[in-house]
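The first residue of the sequence shown is numbered 1, and numbering continues consecutively from there.
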Amino acid sequence: MESIARPLRLLHEEATWFARATDVRLLHLSTDANLRGDALDLLMAQENHADNRALFFRFDDPFAGADLGWPARAQRLRELWNEKTTAVAPAGIKLPALSDLPGELVGTAAFGALLLAATKDLLPPLTGVVVVLAPVRVDDAEGLAFTLTALALSAHLSQVRWIVVETDGAAALPLAHSLNERAMIVDCLVDEKAQQDDLATQTSSASGGGRGAFPDVAAPTRIDARPGPTDDALRAAGLSPKFINGGGAQLKQLVLTAALALREGRSVDAVSTQARAAALCAEMEMPREQILNLHVLASYVLAANQRHKAREIYRGAVDLCRMHAATDLESQTEMALGLLDALDQRPTEAATHYSGAARLAETAAVIPLAIEAWRLAGQLALDAGLETSAVECWKRALALADPLDPALAKVTSAPQTALALAAMCRRHGLNAQAKALEERAVGLEGPK
């Protein structure tokens, strides 16, 4: 689809230049939710560029709370460094472990010190580090701009280059402008009108309504063209050869065509097309994408009032999750199965699925999801007359919320959980406990 391919082509050209032009300190990318995932995949793929000599580290942590997420990034940097150490070892590059930091270093200072340690520990042919900041949420744009500027302009971090991806706002743009020729500013956005035109054209072509927009004969290969990467090279880089060689474009077309069919009320077409998308993911050996597309397929089947079929699809997704250790996706799938049981008026079975989802989310360290799953498991246990189980579920949810950053705890369902537990206490005449829980809910919600 040209409306999607055009901005991604532009980004690919700019990103490959960034990989080569080591004097460029910052690439600022503005994108939207439609292209964020593809754009980040394309940016991270530059680590495998033939001219690149830097390690890429990606951080999606939100810029929120008093510390703006810097402690989480510091911890994540250590984890990513260990992963890179393992990845480059077969090439004979023996990177040491990052050294411990003085206890007084916290927040941005700790993160900067770890980056400095990383650059000092690099071994040939590695010469630098690229930090990709792609926050899923920015609550403090000024804090982002201030701390990023301090790090990016630090003389001690001259071997560190930066990519900032923003989907809502442009907090880092002033820094990009101040760097002049040492910064790149790129937009990767879908034109909505062009996308609608693409979808209409695809639907017409799929139904035999017309020929494609491109000639049937492929253009001849340029004499001086460099050979493309082999399938083995793509697999070694963690990429699916079939996805790179046309499968990715085919998948995107199938998914969008299915969505358009559902929106137009053609549920049978939506289900069959989405089923082909999930099958294509299996052919491309992309299990996580297959699981996600099965989730979409199940939702389309539910829209067609085929609840039994949806349950079968979700169960198949669970098997795939377990086969590929996709614990986070298994948690989401268990929640979907719990919802089906709740719709079928089977609260006990639904509570079992939700509590299983909560444990899986804890294992995957997706704490907000775990809190929500425990809350729902408790509510369903209460619906089934299992008050003791409900209390245990809700207590577990609140225990998980305690160590969270207040800004993160506020957006979880922990406040609602505290209120639900307080209501139960009042029903049993435990007014002191109920009042304490209501105050706790207010504390979790924070200032208005």
- Look only at the side chain of Trp81 and the backbone of Pro96, and say whether a donor-acceptor pair between them is shorter than 3.5 Å. yes
- Between Thr327 (side chain) and Leu360 (backbone), is there a donor-acceptor pair under 3.5 Å? no
Using every non-hydrogen atom in the two residues, find where [X] and [Y] come nearest and quote the distance to one decimal.
X	Y	value
Leu329	Cys321	C-SG, 3.7 Å
Ala39	Leu29	CB-CD2, 3.9 Å
Gly128	Leu122	N-CD1, 3.3 Å
Met424	Ala390	CE-CB, 4.2 Å
Leu148	Ala172	CD2-CB, 3.7 Å
Ala19	Thr22	O-CG2, 4.5 Å

- Establish, from distance only, whether the side-chain atoms of Gln379 and Asp383 form a donor-acceptor pair under 3.5 Å. yes
- Message: Less than 6.0 angstrom from the centroid, inside 45 degrees of the normal: does Arg73 satisfy that with respect to the ring of Trp70?
- Response: yes
- Message: Check this for me: does any side-chain nitrogen of one of Arg76 and Glu79 sit under 4.0 Å from a carboxylate oxygen of the other?
- Response: yes
- Message: Return the OH to CG distance between Tyr314 and Asp319, rounded to the nearest 0.5 Å.
- Response: 15.0 Å
